2 protein chains.
Amino acid sequence: MARTAAPGSRERILRSAGELFYRHGVRAVGMNQVIDAAGCGKNLLYTHFPSKDDLVTAYLRGCRRERERAGAAAAEGLPDDPATRLRALVAEIAATATAPDFRGCAFRLYLAEFPGDAGEPGRVARDYLRDTRAEIDALVARLGVTDPGRLADRIWLIVEGLYGSAGRPDAAAAAETATGLVDDLLAAER
Amino acid sequence: MARTAAPGSRERILRSAGELFYRHGVRAVGMNQVIDAAGCGKNLLYTHFPSKDDLVTAYLRGCRRERERAGAAAAEGLPDDPATRLRALVAEIAATATAPDFRGCAFRLYLAEFPGDAGEPGRVARDYLRDTRAEIDALVARLGVTDPGRLADRIWLIVEGLYGSAGRPDAAAAAETATGLVDDLLAAER
DNA sequence: AGGATAACGGACCGATCGGTCCGCCGACGA
DNA sequence: TCGTCGGCGGACCGATCGGTCCGTTATCCT
């Protein structure tokens with residue numbers, strides 16, 4: 001044995017690839033571009049990620065982890081009140097969507113690019129959306145309002161709109177609009 | 001001269017290409033697939049559309065014409081009342097989004113696939129979104145509410161959400177939710 | 001110092017991309 | 001009936017795709 005493998009290489013490659021995938025779209029980015037951006041050899045890339053699908057799957061899984069981390073951070077220290085948690089959830093998305101290089105929800109963008117994808121990346125993307133929707137449903141259910149289904153549908157619609165407006169000039173306005181509208185909806189139900 | 005050119009060929013090709021582009025995404029569809037689907041030769045295709053960009057531009061222009069036609073049909077016979085017109089506008093989008101093979105707004109899907117596209121297709125897509133937004137702004141302005149900007153932002157957000165939910169299981173619920181929410185917003189402003 | 005090895009980076013593979021060109025067939029007019 | 005021309009469809013082009021393989025270099029341990 002002579003050298004020890006660089007431990008951060010996998011994460012470095014994944015970060016470079018993720019930036020490219022997110023900015024330009026998955027299909028638009030070739031493996032050679034990933035290699036150039038990561039500054040690694042083909043060997044190393046294909047050792048860590050045997051195929052592009054594996055790399056894309058890892059990219060989406062990373063996005064999910066990041067989203068969950070951000071969501072947990074936004075909820076931290078808050079009282080376990082469903083209304084407060086819902087407001088924080090939407091506010092966190094709104095804040096994320098206001099970032100200058102925000103181009104939209106990575107999962108929705110992926111599904112827009114690969115509509116019927118039955119592979120692992122598509123599964124990861126759909127799972128995330130399903131689980132996020134379920135999270136909102138659970139919070140709304142705890143509110144004890146008369147029609148939780150309707151309210152959850154409305155909040156979900158607003159979240160979709162928030163993500164949909166991303167990357168266009170309306171993004172900043174959409175963020176304020178979404179938080180304000182959710183606030184109003186919650187206030188009206190109380 | 002011996003034969004006269006088949007007059008419907010351009011439209012037939014465009015329709016086949018449009019279905020493929022919409023269903024699978026623009027980048028995922030190759031020119032050979034378009035040729036196979038249209039049942040024509042390469043000659044005819046490239047005579048009508050010298051490049052893929054031209055074909056995509058024509059596809060998006062066709063989508064715009066179709067959207068405008070549907071919007072006009074939905075508004076036809078209605079009183080020229082801004083609230084009624086707004087409700088009809090959202091209801092028309094909701095009805096469109098409920099169609100079984102609806103996958104989302106063609107322009108938003110295109111922009112998701114080609115984020116920074118500076119070419120003609122990107123221009124057509126962005127123009128459509130800008131003009132549709134302006135249409136909502138104009139209608140809301142005519143309502144005479146105290147904060148037209150806020151209401152227009154909210155309605156636009158709902159429209160974005162409606163399009164964003166498309167192609168997923170939530171599409172049908174989103175349609176009802178959007179129309180109901182817009183109704184409530186308009187009723188509250190009155 | 002010397003040898004083992006991780007990793008860079010390019011040659012290479014078959015497939016497919018958008019796009020060009022042409023041979024052939026079949027329908028129509030003279 | 002025969003010549004002409006529109007259009008089908010495939011051969012072909014260079015570029016690029018995802019992916020494999022290997023020669024070289026740089027680095028660390030013995």
Side-chain angles (χ1 to χ4, degrees), chain A residues 1-60 110 113-114 116-122, chain B residues 1-60 110 113-114 116-122:
Chain A
M1 192 185 309
R3 294 179 57 192
T4 165
S9 61
R10 199 191 126 101
E11 278 62 33
R12 182 169 45 89
I13 292 172
L14 193 50
R15 191 155 13 92
S16 301
E19 279 174 27
L20 289 173
F21 286 156
Y22 182 71
R23 171 156 21 223
H24 305 292
V26 171
R27 215 173 216 133
V29 174
M31 293 300 261
N32 283 319
Q33 292 178 52
V34 173
I35 284 161
D36 290 347
C40 70
K42 290 203 147 195
N43 257 334
L44 190 60
L45 171 65
Y46 279 102
T47 307
H48 286 305
F49 308 99
S51 75
K52 188 177 183 178
D53 248 41
D54 291 304
L55 181 57
V56 174
T57 303
Y59 154 62
L60 290 178
Y110 177 82
E113 221 176 341
F114 299 86
D117 181 36
E120 193 67 5
Chain B
M1 194 185 305
R3 293 178 59 192
T4 164
S9 60
R10 198 192 127 101
E11 278 62 34
R12 182 169 45 90
I13 292 171
L14 193 50
R15 192 155 12 93
S16 301
E19 278 174 28
L20 289 172
F21 286 157
Y22 182 71
R23 171 158 19 224
H24 305 292
V26 171
R27 214 173 216 131
V29 174
M31 293 300 261
N32 284 319
Q33 292 177 53
V34 173
I35 283 160
D36 290 347
C40 70
K42 290 202 149 196
N43 257 334
L44 191 60
L45 171 65
Y46 279 102
T47 308
H48 286 307
F49 309 99
S51 75
K52 188 177 184 180
D53 249 40
D54 290 304
L55 182 58
V56 173
T57 303
Y59 154 61
L60 290 177
Y110 178 83
E113 221 176 341
F114 300 85
D117 181 37
E120 193 67 5

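Not measured: the values here are computed from a predicted model. The sequence lines fix the lettering, A, B, ..., with proteins before strands; numbering per chain opens at 1.
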Criterion side-chain contact (heavy atoms from CB on, under 4.5 Å) on S16(A) and I13(A), from CA distance to verdict: CA-CA 5 Å; S16(A) 301; I13(A) 292 172; 5.9 Å; no
Rounded (10°) bend between the five-pair end axes of the helix from dA1(C)-dT30(D) to dA30(C)-dT1(D): 10°
Touch class at under 4.0 angstrom, heavy-atom based, for T47(A) against every strand present: nothing
S9(B) versus L44(B), closest heavy-atom pair with distance: CB-CD2, 3.7 Å
Nucleotide of dG19(D), dG18(C), dC8(C) approaching R12(A) most closely (side-chain heavy atoms): dC8(C)
Separation of atom CZ in R10(A) from atom P in dA6(C), rounded to whole Å: 18 Å
Student check: side-chain heavy atoms of F114(A) and P121(A) closer than 4.5 Å: no
Sugar-phosphate only, base, or nothing, as touched by S9(A) at under 4.0 Å among non-hydrogen atoms: nothing
With 3.5 Å as the limit, what N/O pairs link the protein to nucleotides 9-13 of chain C?
from	atom 1	to	atom 2	distance (Å)
dG9(C)	N7	K42(A)	N	3.3
dG9(C)	O6	N43(A)	ND2	3.3

Ring pair (Phe, Tyr, Trp, His ring centres under 6.0 Å) pairs, two or more places apart, involving residues 15-59 of chain B: F21(B)-Y59(B)
Separation between CD of E120(B) and OG1 of T57(B), rounded to the nearest 0.5 Å: 5.5 Å
Atom-pair distance (CE on M31(A); P on dC17(D)), nearest Å: 12 Å
Taking every non-hydrogen atom, the tightest pair across K52(B) and V26(B): NZ-O, 3.1 Å
Point-to-point distance, once rounded to the nearest 0.5 Å, from CG of L45(B) to CG of L14(B): 10.5 Å
Distance-only side-chain donor-acceptor flag, D54(A) / S51(A), under 3.5 Å: yes
Touch class at under 4.0 angstrom, heavy-atom based, for V29(A) against every strand present: sugar-phosphate
Listed nucleotide nearest any side-chain atom of L44(B), set dG18(D), dC8(C), dG7(D): dG7(D)
D53(B) CG to dC17(C) P, straight-line distance once rounded to whole Å: 17 Å
Separation of dC17(D) P from F21(A) CZ (nearest whole Å): 12 Å
